[in-house]
Amino acid sequence: MNRVLTGRQPIIKIIKYMFLCIYSIAIIYPLLFVLMSSLKSNNEIFSTPFALPTVWNFKIYYDVWTKFNVQVYFLNSVYYATVSVAICVVISCMAAYGLTRMKWKLKGATFAFILLGLMVPMHSEVVPLYIGLNKLGFRDPKITLIGIFVAFAIPTTIFIVSGFIQSLPIELEESAVIEGCGLIKAFFLIIVPLLKPVIATVIIFNFLGVWNDFFAGLIFISQEGDKTLQLGISRFQGNFSTRYADLLAAIMITIIPSIIVYSVLQDQIISGLTAGAVKG
Amino acid sequence: MDRMLRDRKTILILVLPAFIIFLIFIPAPAVVSVLLSLVKWDMIGEMKFVGLDNFKFLFATDYVFWIAVKNTLIFVVTSAILQMPMAFLLANILSRGMKGKTFFRNVIFLPVTFSGVAVSLMFYFVYHPEVGLLNRLLALIGINTDLSWLGNEKTALLAVVFTLAWQWIGYHMVIFMAGITNIPVELIEAAKIDGCNEWKLTWNIIFPLLLPVIKISAVLIVTSSLKAFDMVYIMTFGGPNHASEVLASHMYTKTFAQMKFGYGSAIATVLMVLCIGSTVLINRMFTSKDVE
């Protein structure tokens with residue numbers, strides 16, 4: 001394919017490369033600019049914006065991490081993402097199996113109904129859930145938040161996993177069942193290990209979804225100690241003009257883990273994040 | 001085996017946990033939200049049934065709602081215009097056997113992994129009138145300005161749309177690239193042998209075959225732009241003077257700042273109808289094209 005498609009004119013090729021390079025710089029340069037600026041003092045940000053910092057003030061990262069609760073936010077986000085992804089993946093894989101392999105009347109309708117959920121925006125859910133939470137006297141928003149994260153991840157997860165289960169030969173379970181194994185046991189012992197690649201995909205997809213959420217957190221979390229990373233750093237903007245570097249360091253703290261994980265797992269992350277779209 | 005696959009108990013054990021959580025958090029609140037749009041309630045006083053009054057007020061009196069509708073439509077259209085052609089162009093270039101394909105793809109996709117909050121705050125800094133990267137770069141090429149891109153009524157909305165495009169073009173590019181990879185090689189070879197040049201190849205062969213993926217991309221851009229909230233909330237808070245107010249931010253203000261739960265639900269209902277409506281509409285549009 002590549003040979004056939006390669007353009008022959010060298011000038012066009014050069015233009016293409018220049019275009020790609022300029023585009024890539026437009027992506028990377030703002031990141032570097034924020035990184036460099038975060039290490040500078042207010043004065044330097046103001047007077048020598050494009051120069052490297054005279055004193056590399058790495059301590060700002062430590063300060064922001066400890067003094068402004070960022071470590072609490074960070075751990076909260078890890079907690080929300082881990083718990084909701086774990087729950088979602090387990091129950092969605094089970095449901096996907098039930099919705100593809102099992103034989104029952106309303107199977108198709110149930111599947112379609114769950115996929116319809118993809119079209120409902122979160123904005124339509126928050127008011128009833130917020131009221132429900134208040135009226136029931138819940139002071140702990142964790143359950144609601146995790147419930148929302150799990151529920152919103154269910155349709156795509158079931159969709160991706162069931163597509164994968166369909167491609168597995170049914171003889172696998174048949175032989176296990178003949179040897180006297182129950183179906184649910186066969187599912188966990190034989191099917192689940194085969195689902196590993198697709199489970200990796202949905203874990204990445206859903207983890208990033210929860211990790212990057214802002215809207216649900218904004219509405220349901222009021223206590224400082226429950227805040228997610230995204231919610232926590234959003235308030236840094238308030239005192240931005242007095243201390244530029246705080247905000248910039250907070251931005252980098254949220255971005256750096258993404259960059260590190262991404263640089264190790266680019267292919268999995270790219271295919272994971274686009275799996276729902278590409279297979280739809 | 002067949003008997004086991006029909007076993008009710010097994011089916012319930014497998015499907016019920018996911019289905020119940022789904023039901024509690026998605027369809028049930030969505031229905032309640034539509035019902036709440038018919039009441040007037042601040043959660044402290046008594047709930048009053050007002051019929052369609054919320055919608056009447058929304059459509060007839062609430063001028064901010066109409067600003068939000070207009071801005072949301074601008075948001076949807078400019079997002080599509082900024083993101084889809086650029087993503088198509090990039091995907092097309094990268095799928096033609098470029099050296100460094102993986103590198104460029106990975107770099108361009110990178111911002112997709114960031115949170116909307118981080119990107120918003122980053123661009124809040126980029127657009128800052130005094131210390132922002134944008135005005136600093138403009139000064140380098142001789143344009144001295146202290147324009148506050150996010151504080152100016154003319155530029156605020158587009159500045160947000162641009163930020164969204166910066167983050168998401170890589171996503172649509174990868175979707176298009178996957179689509180191009182799925183086009184049979186023989187088809188392209190045959191076209192080349194028939195004397196098809198690059199331009200014709202792109203528009204007469206690749207583009208029509210990509211329509212299914214373009215549809216997916218269009219649905220995603222339109223629905224996510226309709227729901228756009230994070231960036232608006234953080235970068236402009238709908239301001240200045242509602243210049244970047246969108247439906248989601250208007251709904252948030254009415255519901256959670258002014259405690260008008262019925263009224264906010266009415267806006268949420270409009271938003272839901274728009275999301276479902278546009279998804280169905282785009283699917284229709286593309287299906288009729290496929291038949292031709």
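These numbers were taken from a predicted model, which means no experiment stands behind them. Each chain gets a letter, A, B and so on, in the order the sequences are listed, and its residues count up from 1.
- For A/Phe19, the part lying near chain B is the side chain, with the backbone staying farther off; criterion is any non-hydrogen pair under 4.5 Å.
- If you check the side chains of A/Tyr97 and A/Glu173, you find a donor sitting under 3.5 Å from an acceptor.
- Each of B/Ala30, B/Ala18, B/Ala268 has some count of heavy-atom pairs under 4.5 Å with chain A, and the biggest count is that of B/Ala18.
- Here the closest heavy-atom approach between residue B/Phe22 and residue B/Pro27 is recorded as O-CD, 3.0 Å.
- Under the 3.5 Å distance criterion, the side-chain polar atoms of B/Asn135 are matched with a main-chain donor or acceptor of B/Pro129.
- In terms of heavy-atom pairs under 4.5 angstrom with chain A, the leader among B/Glu130, B/Met122, B/Gln167 is B/Met122.
- A donor-acceptor pair under 3.5 Å is formed between the side chain of A/Lys107 and the backbone N or O of A/Thr100.
- Of the two parts of B/Thr223, neither the backbone nor the side chain holds a non-hydrogen atom closer than 4.5 Å to a non-hydrogen atom of chain A.
- Heavy atoms of B/Leu16 lying under 4.5 Å from chain A are absent altogether.
- When ring centroids are compared, A/Phe215 and A/His123 come within the 6.0 Å threshold.
- With a 4.5 Å cut-off on non-hydrogen atoms, B/Tyr171 touches chain A through its backbone and its side chain both.
- In this structure, A/Phe207 and A/Trp211 have parallel ring planes: the angle between them is below the 30° cut-off, well short of the 60° mark.
- Taking the six-membered ring where the residue is Trp, A/Phe50 and A/Tyr29 present parallel rings, their angle staying beneath 30° rather than reaching 60°.
- Looking only at heavy-atom pairs under 4.5 Å with chain B, the residue among A/Ile114, A/Val90, A/Ile233 that has the most is A/Ile114.
- A/Pro257 does not touch chain B: none of its heavy atoms, backbone or side chain, sits under 4.5 Å away.
- Only the side chain of B/Leu36 has a heavy atom closer than 4.5 Å to any heavy atom of chain A.
- Within the 4.5 angstrom heavy-atom criterion, atoms from both the backbone and the side chain of A/Ile27 approach chain B.
- A/Ser92 contributes no side-chain N or O that, together with a main-chain N or O of A/Val89, makes up a donor-acceptor pair within less than 3.5 Å.
- For A/Cys21, the parts lying near chain B are the backbone and the side chain together; criterion is any non-hydrogen pair under 4.5 Å.
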Exercise. Can you list the steps and then say if A/Phe187 with A/Cys93 is a side chain to side chain contact (heavy atoms under 4.5 Å, CB included)?
Worked result: CA-CA 10 Å; A/Phe187 167 72; A/Cys93 284; 4.3 Å; yes

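- Aromatic pair B/Tyr233/A/Phe214: centroids less than 6.0 angstrom apart.
- With a threshold of 4.5 angstrom between heavy atoms, A/Ser37 approaches chain B through side-chain atoms but not through N, CA, C or O.
- Only the side chain of A/Leu208 comes within less than 4.5 Å of a heavy atom in chain B; its backbone stays farther off.
- Here the two rings, on A/Tyr23 and B/Phe104, have centers that are 6.0 Å apart or farther.
- In this structure, the portion of B/Met251 lying under 4.5 Å from any heavy atom of chain A is its side chain and not its backbone.
- The aromatic rings of B/Tyr124 and B/His128 sit perpendicular to each other, their planes meeting at more than 60°, with 30° as the lower class boundary.
- Highest contact tally toward chain B, considering only A/Ala250, A/Ala96, A/Gly98, is held by A/Gly98 [criterion: heavy-atom pairs under 4.5 Å].
- Between chain B and the options A/Val120, A/Ile91, A/Ile28, the largest number of non-hydrogen pairs under 4.5 Å is found for A/Ile91.
- Note on B/Thr269, B/Leu220, B/Ile13, B/Val126: by heavy-atom pairs under 4.5 Å with chain A, the leading option is B/Ile13.
- Using a 4.0 Å cut-off between charged side-chain N and carboxylate O, A/Lys103 and B/Asp7 make no salt bridge.
- With chain B as partner, the option from A/Met252, A/Gln230, A/Gln266 having the largest number of non-hydrogen pairs under 4.5 angstrom is A/Gln230.
- Annotation: maximal heavy-atom pairing with chain B below 4.5 Å, among A/Leu218, A/Leu31, A/Asp267, A/Leu99, occurs at A/Leu218.
- Contacts of A/Thr254 with chain B are made by side-chain atoms alone, with heavy-atom separations under 4.5 Å and no backbone atom involved.
- Using a 4.5 Å cut-off between heavy atoms, B/Leu137 contacts chain A through both its backbone and its side chain.
- In terms of modelled atom types and a separation under 3.5 Å, the side chain of A/Ser258 and the main chain of B/Phe114 share no donor-acceptor contact.
- Among the candidates A/Ile219, A/Ile12, A/Ile87, A/Ile259, the residue making the largest number of heavy-atom pairs closer than 4.5 Å to chain B is A/Ile219.
- Considering only heavy-atom pairs separated by less than 4.5 Å from chain A, the leading option among B/Val31, B/Leu247, B/Ile276, B/Val112 is B/Ile276.
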